[in-house]
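Below is one structure, written out as structure tokens; comments come after it.
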Amino acid sequence: MDGAQLRVDGLSYRHRIATPRLSNPWATKLGPGIHNISFSIPSGSIVGLVGPNGAGKTTLLHLMCGLRPADSGRVQFDNKEWKDLKNEHSARRNIGFMPDNVRWQGTSTPAKILHRLSLMREAEVGDLIELVGLKSRCNESLDSLSAGMRQRLSLAAAMIGSPRILLLDEPFTGLDPVAQKALQKLMLQLSERGTTIIVSSHLLLELEAIVDRVVLLNQGQVIIDGELNTVRKKLRLDRRLIIEGSNGDPNELLSEFGELIEYSAEDGWSATLERSEGWSIKMREDLVKRLHKAGMTPYRIEARLADLAEMLSAATGEDDISLTVAEAMMVPLQRKEVEEE
């Protein structure tokens with residue numbers, strides 16, 4: 001993608017699993033990880049990193065911020081190529097990382113923590129404490145902070161030095177609904193200033209409210225990535241029509257207008273239709289007229305975009321949402337390519 005601010009090209013990494021034995025107590029074997037991750041992100045985008053547990057989201061963020069050295073691949077930022085982010089100090093100044101579940105403990109305070117981190121990064125704290133809503137608790141001990149307050153401190157730490165790339169791992173965890181909305185607003189403001197944000201989260205509703213692009217991961221590999229509407233179209237989830245009525249049985253008539261995804265004829269009727277071309281106003285008017293003429297006038301008709309959960313289900317082929325963790329095996333997956341509009 002021409003003009004992309006951030007490009008990830010062929011990143012791969014395998015975790016080393018300890019397999020001690022008498023002849024070699026330090027023996028290891030290759031375990032799960034990520035394989036050949038590639039995507040591009042324009043400047044100022046908010047990207048949702050989505051996938052089941054074990055898909056490799058956190059591992060990918062660790063590689064991108066330099067916490068782990070990649071086995072292969074590179075990251076390109078502003079036409080500068082980074083092969084070893086762990087030792088590229090100039091590059092890491094442009095990246096802020098918020099890990100999941102940081103254990104802020106002890107008698108220190110948020111103000112002192114941020115001051116020490118700012119010295120390490122050779123940057124100013126500025127109004128970060130006020131920005132994340134910790135001004136009234138900035139001089140209290142870490143042990144007295146709630147889980148949500150500690151999450152706010154992690155966010156402030158990631159933003160020291162005004163990094164141009166923010167990597168956020170489960171940032172909504174522990175935040176109350178009001179704080180979640182405030183965080184969403186802050187991300188949008190940073191995006192407008194040109195900050196590129198990659199967010200990994202299992203709270204898909206909160207994520208969907210702010211992202212303009214997605215990267216869907218499964219078994220350590222990218223299945224599909226791109227703008228939300230483009231990905232929906234590629235997965236045939238671009239437009240669905242929900243329609244309900246109380247009279248008749250319009251099964252055959254509805255099938256003339258689109259693919260019937262769901263249909264029920266109990267206590268009236270309800271259906272979900274899908275069309276690859278979407279549902280224009282004229283198409284919906286024609287459908288209602290046909291139903292009315294047949295004596296089956298609907299009382300509800302609504303065009304609905306597929307949400308992130310449905311997109312993930314369609315991309316992975318997993319129809320049922322369950323507690324099963326993604327398998328660690330990195331079997332080759334077929335990537336679904338998309339063309340940007």
Side-chain angles (χ1 to χ4, degrees), residues 46-62 64-65 67 95-118 121 125-163 165-191 195-211 214-215 217 307-309 312 321-323 325-326:
I46 303 179
V47 182
L49 191 60
V50 181
N53 289 328
K57 302 185 295 298
T58 297
T59 299
L60 174 59
L61 294 180
H62 285 180
M64 292 183 66
C65 71
L67 284 178
I95 300 175
F97 176 53
M98 176 182 174
D100 183 22
N101 290 328
V102 179
R103 296 183 179 180
W104 298 108
Q105 296 176 330
T107 58
S108 188
T109 66
K112 292 179 180 178
I113 290 292
L114 292 180
H115 176 68
R116 292 167 189 161
L117 292 175
S118 69
R121 297 204 65 167
V125 175
D127 60 350
L128 284 179
I129 291 181
E130 184 175 356
L131 196 63
V132 299
L134 281 179
K135 185 176 181 179
S136 63
R137 309 294 293 271
C138 65
N139 293 315
E140 297 187 13
S141 70
L142 298 178
D143 289 336
S144 68
L145 301 181
S146 67
M149 294 174 189
R150 296 178 190 187
Q151 196 77 338
R152 294 167 187 246
L153 179 56
S154 296
L155 177 61
M159 294 172 61
I160 291 175
S162 300
I165 299 172
L166 267 181
L167 308 177
L168 309 179
D169 194 1
E170 299 293 343
F172 300 109
T173 302
L175 296 181
D176 59 73
V178 175
Q180 289 179 2
K181 292 294 183 183
L183 177 56
Q184 290 172 337
K185 183 179 179 180
L186 176 59
M187 288 186 197
L188 292 172
Q189 291 172 344
L190 292 172
S191 174
T195 304
T196 302
I197 305 174
I198 300 180
V199 191
S200 171
S201 178
H202 288 105
L203 300 179
L204 299 185
L205 289 177
E206 286 73 10
L207 194 60
E208 188 174 7
I210 55 172
V211 301
V214 291
V215 176
L217 290 181
D307 58 27
L308 282 176
L312 181 60
I321 298 176
S322 67
L323 292 177
V325 176

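- Listed here is the closest heavy atom pair of Ile165 and Leu167: CG2-CD2, 3.9 Å.
- For the atom pair Leu166 CG and Met98 CE, the distance stands at 10.0 Å (nearest 0.5 Å).
- Asp169 has its side chain out of reach of Pro99: every pair of non-hydrogen atoms, C-beta onward, lies at least 4.5 Å apart.
- In this structure the side chain of Met159 reaches within 4.5 angstrom of the side chain of Leu131, judged on heavy atoms.
- To the nearest 0.5 Å, the span separating CG on Leu207 from CG on Leu205 amounts to 9.5 Å.
- Here the side chains of Ile46 and Thr196 are not in contact, with every heavy-atom distance at 4.5 Å or above.
- Within the 3.5 Å criterion, the main-chain N or O of Val50 finds no donor-acceptor partner in the side chain of Lys57.
- Using a 4.5 Å cut-off on side-chain heavy atoms (C-beta onward), Pro171 and Val199 make contact.
- Two residues are said to be in side-chain contact when any heavy atoms from C-beta on lie closer than 4.5 Å; Pro163 and Ile95 fail this criterion.
- In this structure, the side chain of Asp127 does not engage the main chain of Glu130 through any donor-acceptor pair within 3.5 Å.
- Closest non-hydrogen pair, Leu217 versus Pro52, comes out as O-CD, 3.5 Å.
- Not one N or O on the side chain of Gln151 forms a donor-acceptor pair closer than 3.5 Å with the backbone of Asp100.
- Listed for the Arg121 side chain is no donor-acceptor partner under 3.5 Å among the backbone atoms of Gly161.
- Residue Lys181 holds its NZ atom at 9.5 Å from CZ of Phe172, rounded to the nearest 0.5 Å.
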Could you give me the CA-CA distance, side-chain angles and deciding distance for Leu175 and Leu183, then say whether side chain to side chain contact (heavy atoms under 4.5 Å, CB included) is met? CA-CA 9 Å; Leu175 296 181; Leu183 177 56; 3.7 Å; yes

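- By the 4.5 Å heavy-atom criterion applied to side chains, Val47 and Val211 are not counted as neighbours.
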Please determine whether side chain to side chain contact (heavy atoms under 4.5 Å, CB included) holds for the pair Glu208 and Val214, giving the CA-CA distance in whole Å, both sets of side-chain angles, and the decisive distance to 0.1 Å. CA-CA 9 Å; Glu208 188 174 7; Val214 291; over 6 Å; no

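- Under a 3.5 Å cut-off, the side chain of Gln184 and the backbone N or O of Glu206 do form a donor-acceptor pair.
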Given the rule in the side chain to side chain contact (heavy atoms under 4.5 Å, CB included) test, do Met187 and Ile210 qualify, once you have shown the distances and angles that lead to the verdict? CA-CA 8 Å; Met187 288 186 197; Ile210 55 172; 3.3 Å; yes

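- Considering all non-hydrogen atoms of both residues, Ala111 and Ile129 come closest at CA-CD1, 3.8 Å.
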Would Leu145 and Arg137 count as a side chain to side chain contact (heavy atoms under 4.5 Å, CB included) if you check the C-alpha gap in whole Å, the side-chain angles of each, and the deciding distance to 0.1 Å? CA-CA 8 Å; Leu145 301 181; Arg137 309 294 293 271; 4.3 Å; yes

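- Between Ile113 atom CD1 and Cys138 atom SG the span is 13.0 Å, to the nearest 0.5 Å.
- The number of heavy-atom neighbours closer than 6.0 Å to NE2 of His202, taken from other residues, nucleotides and ligands shown, is above 12.
- Rounded to the nearest 0.5 Å, atoms CD (Gln180) and OG1 (Thr173) are 8.5 Å apart.
- Taking CG from Leu142 and CG from Leu153, the interatomic distance works out to 6.5 Å, rounded to the nearest 0.5 Å.
- Counting only heavy atoms from C-beta outward, the side chains of Leu60 and Met64 approach each other to under 4.5 Å.
- A donor-acceptor pair shorter than 3.5 Å cannot be found between the side chains of Thr109 and Asn139.
- Using a distance-only test at 3.5 Å, with no hydrogens or angles considered, no donor-acceptor pair links the side chain of Asp143 to the main chain of Gln105.
- Side chains of Leu49 and Leu61 form a contact here, defined as non-hydrogen atoms less than 4.5 Å apart.
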